[in-house]
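In what follows, every heavy atom counts, from backbone to side chain, and hydrogens, waters and symmetry copies are set aside.
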Amino acid sequence: MVLLFWYYLRVYRQAYLKYWLLAFLAFAGYQTAVLLINNSPLGSSVVRLPLVTLMHFCFYAFALLMLLGNRLQFFDSTEHQQRWPASFYFIIVMLLATITALLPEMITALAPWQPFLEFSARFIVSGMLLFSAGVWLWRNSNRRAGPRLSAIVLLLWGVLYLSNIIGDLLQSSSYFSLYQLMIYKCIELTLLVTLGFSLVIWLQENERNTNLKLTEKTRYLDQHDQLTGALNRDALLVKLDQLITTNPVGNLHLVMLGLDKFKNVNESVGLKQGDRILREVIRRFELSIVKPALIARTGGDIFALVLADVVNEKQLQYTLQHVQQLVEKPFLLDSGPVKLTTSIGLSQYPLHAHSAEQLLQQANIAFHQAKRLQASWLSYQTGMEEETARLLAWESELLQAISENQFVLYYQPQLSLRSNLLEGFEVLVRWQHPQRGLLMPGEFLPLCEQLGLSQVLDLVILRNAIASIQRWQQQGVHIPLAINMSPIHFEQEGLKQELKGLLQQYKVSPEMVELEVTENTAMQDMEKGSNFALELQQMGIKVSIDDFGTGYSSLAYLRKMPIEKIKIDRSFVMDMTSNDSDMMIVKTMIKLAHGLGKRILAEGVETVEQLNLLRSLSCDAVQGYYIAKPLPETEALAFFRTYPR
């Protein structure tokens, strides 16, 4: 039993398994001490007293450990805390065992009580402990097979010990016959094996329930926004199409709204307070008298509402005014109240479109028009597509930036938790705009995607990154770089030839390059992408998945693509130390990745608590602000040289 639960402890790493292991170890120690006292010369030597003390301690400890382990396992999911630390109980047990063994030896008057203290007392105490543990477990087992069977065994075991004492008191002789002893030991052995069997059933039930909850959580995350719990964009489109199908002649309004200047709010009050505002916005919509048919978060600070019961223009205006009031009501934060405004775009079925995707596209056009014109709200009108003109202006600036190499690279260190050494840097891009200053990726990458410039920008970043590897090698710095690659570019036939050409031009080994493919856009041809990833690996170039867990294709990527490494998205890491669900999801991702032979890296590590928890979960590597922020090239090189090696 000890070996069995030692194995389970290594696999599942649950605290209650340690208690169960120690309980069976204590029982083995008790039986060993009994044999040595009664069936060896040690029983009549100077070590008899320590053996008696050990026998008592192990006997009491078995019942105590079983009780504590069951309570810890039962309340594990609710963060139940023992009233006192376990060490407190063991101090009491040790004192009781020592007193029981020493008193008859030290006090002559208690010598007649030695059989009672050495035999009856321990069976009374342990019997009561086991019986009370069985009663408590039966009352709290929720009719699950494992806990119920364990409760029955503990009850029977307690009854066995108490009956043993009663039988002993009723007999004229204080010793069992050999026949009675054999029956007693057979019953005890049966209870021992049955208890171990029931605990294994309990463990499997608990793990199965945990896996079911994780599956439900995964399905939930596929359709809902992780931060707010609202529908995500994909789920909104599916459910809106269902509404259109079930009510083809109905009158549906799709409202898209965004929080004005929310970036400034994030910078002033912090990201956590900003997230709190986003959650509060969704809560206000859910409790609103407007009663939207669907509520979704389609972007950072962009939301979508589907209204199914607006029948005229007057009611629509009232509804939009109410939505504005919901957003403009001050948000009470730790730093004080924050007041926001909103811009709203509107499209209508069947007036403007006949599909969910078209409605969303037109509401988005109206929203951006309202935001640009600083209007409270605008309904979609034909001709709003002139927004393209603005994109063309951006296209001119982006093309100029590419030709003049205005994009600069930053490097964020990646730390191996196994060796505690730097294993690489992730390459991140910034735009040093001549007029606007240093622009972050979120300010221009979406524009590149809309304008079809992602592939061109990828090549610029790839060339600059491989060139930097060459410069670093010339300075004696040999460390791989992980380079982000858009999924659209990743599927292009010419990428492999471009990589070969760049590696030959700069005389860089393929092992120094790792390509990261994000999940922001699902790959259109999974088989093609898998084959291409395999070809890259055959060249010596590693391929990894970035932001794992944020897209609906996560499991498909992991199962089908021959990838080297998986990066857990920061949204799962940021609250894992305080959120059991996030911690279990991260734990499952790590186990799943390791089971498939993949390495796993966690992004967004910002605290030592997160780092230590990831280390305990056997995560392979981490990156985040706790290690270092993204650094310019000179600072990255200085960081590498000063980091312990």
Determine the minimum heavy-atom distance between [X] and [Y], stating which atoms define it.
X: P630; Y: Y625; answer: CD-CE1, 3.8 Å
X: V2; Y: L25; answer: CG2-N, 3.4 Å
X: I627; Y: P413; answer: CG2-CB, 4.3 Å
X: A533; Y: V543; answer: O-CG2, 4.1 Å
X: S150; Y: S198; answer: OG-OG, 2.9 Å
X: V586; Y: I568; answer: CG1-CD1, 3.9 Å

Check: [Y] and [X] side chains under 4.5 Å, non-hydrogen atoms:
X: L601; Y: E423; answer: yes
X: R276; Y: F331; answer: no
X: K567; Y: Q623; answer: yes
X: E511; Y: H478; answer: no
X: F5; Y: V200; answer: yes
X: L203; Y: Y8; answer: yes
X: Y626; Y: T607; answer: no
X: M583; Y: L613; answer: yes

Would you tell me whether [X] and [Y] have side-chain atoms, one donor and one acceptor, within less than 3.5 Å of each other?
X: Y161; Y: W157; value: yes
X: S578; Y: D575; value: no
X: E426; Y: N484; value: yes

Interatomic spacing from [atom1] in [X] to [atom2] in [Y] - rounded to 0.5 Å:
X: T642; Y: E635; atom1: OG1; atom2: CD; answer: 11.0 Å
X: T190; Y: L192; atom1: OG1; atom2: CG; answer: 9.5 Å
X: L191; Y: C186; atom1: CG; atom2: SG; answer: 11.0 Å
X: S581; Y: N579; atom1: OG; atom2: CG; answer: 5.0 Å
X: F59; Y: L64; atom1: CZ; atom2: CG; answer: 13.0 Å
X: L212; Y: R208; atom1: CG; atom2: CZ; answer: 7.0 Å

Quick check on [X]: does its [atom1] atom have over 12 non-hydrogen neighbours (other residues, nucleotides or ligands) under 6.0 Å away?
X: K629; atom1: NZ; answer: no
X: F131; atom1: CZ; answer: no
X: K591; atom1: NZ; answer: yes
X: R615; atom1: CZ; answer: yes

Is the distance between the ring centroids of W20 and W202 under 6.0 Å?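 Yes, close enough.
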Test of ring centre spacing under 6.0 Å for F62 and Y30: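 Centroid separation for F62 and Y30: 6.0 Å or greater.
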Under the side chain to side chain contact (heavy atoms under 4.5 Å, CB included) criterion, do V11 and Y7 qualify, and how do the steps go? CA-CA 6 Å; V11 173; Y7 167 75; 3.8 Å; yes
With under 30° as parallel and over 60° as perpendicular, where do the rings of F639 and F425 fit, or are they tilted in between?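 It falls in the perpendicular class, over 60°.
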Please evaluate residues Q226 and D582 with respect to the criterion side-chain hydrogen bond (donor to acceptor under 3.5 Å, both in side chains), reporting the C-alpha separation (whole Å), side-chain torsions for both, the decisive distance (0.1 Å), and the verdict. CA-CA 10 Å; Q226 168 74 6; D582 284 353; 3.2 Å; yes
For L278 and I282, what are the C-alpha separation, side-chain angles and deciding distance, and is it a side chain to side chain contact (heavy atoms under 4.5 Å, CB included)? CA-CA 7 Å; L278 297 176; I282 292 295; over 6 Å; no
I'd like to know if the side chain of [X] and the backbone of [Y] have a donor-acceptor N/O pair within less than 3.5 Å.
X: S509; Y: M512; value: no
X: D620; Y: I600; value: yes
X: R297; Y: G229; value: no
X: E205; Y: G146; value: yes
X: S163; Y: L160; value: no
X: Q412; Y: V427; value: no
X: R570; Y: E603; value: no
X: Q610; Y: E606; value: yes
X: Q414; Y: V622; value: no

Kindly determine whether T228 and D225 satisfy side chain to side chain contact (heavy atoms under 4.5 Å, CB included), including the steps that lead there. CA-CA 6 Å; T228 64; D225 172 52; 2.6 Å; yes
Less than 4.0 Å between a side-chain N and a carboxylate O, is that true for E286 and R283?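 A salt bridge is absent here (no side-chain N lies under 4.0 Å from a carboxylate O).
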Pair K598 + E564: basic N to acidic O under 4.0 Å: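 So K598 does not pair with E564 through a salt bridge.
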Verdict with supporting geometry, L417 and C619, side chain to side chain contact (heavy atoms under 4.5 Å, CB included): CA-CA 7 Å; L417 292 183; C619 185; 4.1 Å; yes
